[in-house]
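Counting convention: from 1, in listed order, for ligands and their atoms alike. This is a predicted model, so every value here is computed, not measured.
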Amino acid sequence: MTTSIQIKSLDDYQRVYRYSLEKNEEFWDNIAKNQLHWRKPWSRVSQCDYLTGHVSWYLGAELNVAENCVDRHVHAGKGSKKALIWVGNEPGEEKTFTFQQVYEEVCRIAHALEALGIKKGDRVGLYLPNIPELAFSMLACARIGAIHSVIFGGFSAHSIQSRMNDCGAKLIITSNGVYRGEKWIDLKTNVDEAIAIGCSTIANVLVIPHRSQSRWERQLRDLNWNEVLQPFKPHTAPSHLSEDPLFILYTSGSTGKPKGVLHTMGGYLTYTSYSHQLVFQPQDSDVYFCTADLGWITGHSYLLYGPLANGVTTVMYEGVPQYPTASRLWEITDQHSVNILYTAPTAIRTLASLGDEPVVKTSRKTLRTLGTVGEPINPEAWRWYSSVVGEDRCPIVDTWWQTETGGILISPLAGITPTQPGCATLPLPGIEPKIINESGEALKGDGQGALVIARSWPGQMRGVYGDPEKFFDTYFRQYPGNYSTGDGARRDSENNYWILGRMDDVIKISGHRLGTAEIESACVLHSDVVESAAIGVHDDITGEALHLFVVVKSGAPETPDLAKALIQLIRKEVGPLASPKKIHFVPGLPKTRSGKIMRRILKKLAVQEFSDLGDISTLAEPSVIELIKKAVITER
Ligand code: PRX
């Protein structure tokens, strides 16, 4: 494992942090040299300008991402070390791959992709379960310079179609389907439907027969993985530029359709390996288990790229935390002697709600560090994680970051930074957060406001695929000279950051990110609907739950059947993960005079909190409030 900077105490951290900002270029120059194997050095560390929205790192340098994650560990004599432990949905289903075996699988896929005519720069869609073939396909794309775009299995045919068309993918790799818990998801049928609606750039669909008991209907463009993949032959990893694209991952924002967040090779891998090492402090013999799906950024950065670049054994789990019992994560932990566990607050709250017994009956003695990510963790869940799961001996790292940031920006360093429930604590060296108040001024000392990042770091997204203007408008326009995160935060007198959650129209349900606009535009496709407003309402387990306020056309029935039809429509257009928990039929929506929906008011009305609606003086039609109140009070 590479060790680029030594931080073993809070004093070390403070010293390195100061140095990282004072000698920023030198700092990132050192980190990149130590983390990765570069084939050609950079001519310049970075060239970034937030006033124009331009970000690039390690200019002119060359490397191969797959070689860094796999080949170099084989060359360093670690070929027989376990690289990937895969745990299937059903207990007892397991496969282990050494670095040598991963190397061989990645070479086989790289050859197969090339034989299918996939070249550097081509886009490849991956709509797959959390299985080893997905990890290896990502690495194979990285190896040949193809740009992967993974789509989470919870998204619908329509979502696949819009993503594949947006990036112009040539090939989709999918599988016949997947069990997540007891639920069967027919991935292949969703891909067929996406293509039937129209994916003109897709030439082939490569199908992995993952569950052999399930048949799939073979179309003309379909290829069978088992027929396409040939026996192992070494594959020479070509050199790519640091700024060559590595992947596009779609994520929801405040407005419009999900954006294709673009990450590039050198900076992303430098930052994910650096932050993985610093935050989790893995040792060479450690087993590290991130429960995320590779369809999300956490899977990309901290299930695959970060740990493998660091030569750490990574565990990949296909199923859900409570299947078949609430002990599953702890059984996997014991079976594979997991030292570091990284999961999401929703999983922690779900398991906590099922009681201590499923946890305490397992040993968990190998656990040393516990991580959390994706949404604010409430102090109660934090304490349960710390005391019941970690028996008060494992530090909790509450890691704050985003799809756009590529890696963790604010987090305790395991065993080094003092922690408090619900506090993301301190920025990683090299990261300069600021808090901006309502008048647009950066606060000094403690205070609360918009969280921005004042200077670039290597893992920062490079653009919105195909839409440079959107990149600038979304992230750099509002607070000139800063990257705008969309989150609110509070900084205390000891410089600790407390993340308050999104300040924009992004909702987090079970840590999954959804934009209100995409849900509302799906809803209004129904011929009975005039307009709608989506909001997130507090939920004890999922953090937020989706509520939808719907205005129907005059004469249209406000019936449970219509509510059901709207839920079906949203599941079809966006995916099952966007299912509303509650639909409120209302006669109108609270809007400002410029037509903006005042969601803050709807959030209160949804839970019948009528007493303090805050400032309603900017409402175009204040009388609508009484009408909505009446509607929610009388709803069944
Ligand atoms: O609101 C923050 C929340 O998740 C958002 C980013 O979502 P996404 O791009 O899907 O990435 C999730 C995985 C990194 C952020 O803007 N968020 C993420 N981590 C935390 C968090 N909120 C509070 N505490 C966290 N640790």
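The side-chain hydrogen bond (donor to acceptor under 3.5 Å, both in side chains) search around E441 returns N437, not counting sequence neighbours.
Within the 3.5 Å criterion, the main-chain N or O of W57 finds a donor-acceptor partner in the side chain of S242.
Note on ring orientation: taking the six-membered ring where Trp is involved, the planes of F247 and H300 are tilted (angle from 30° to 60°).
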I'd like to know whether W28 forms a ring pair (Phe, Tyr, Trp, His ring centres under 6.0 Å) with Y274, so could you lay out the CA-CA distance, the side-chain angles of the two residues, the decisive distance to 0.1 Å, and finally the verdict. CA-CA 10 Å; W28 287 121; Y274 156 76; 5.4 Å; yes
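Under the salt bridge (charged side-chain N to carboxylate O under 4.0 Å, His left out) criterion, the residue pairs touching residues 453-464 are E243-R462, E432-R455, with sequence neighbours excluded. The ring pair (Phe, Tyr, Trp, His ring centres under 6.0 Å) pairs that include a residue from residues 415-439 number zero, where partners must be two or more places apart or lie in different chains.
Closer than 4.0 angstrom to ligand 1 lie heavy atoms from I297, T298, V373, G374, E375, P376, D398, T399, W400, W401, Q402, T403, D487, I499, R502, K508, R513.
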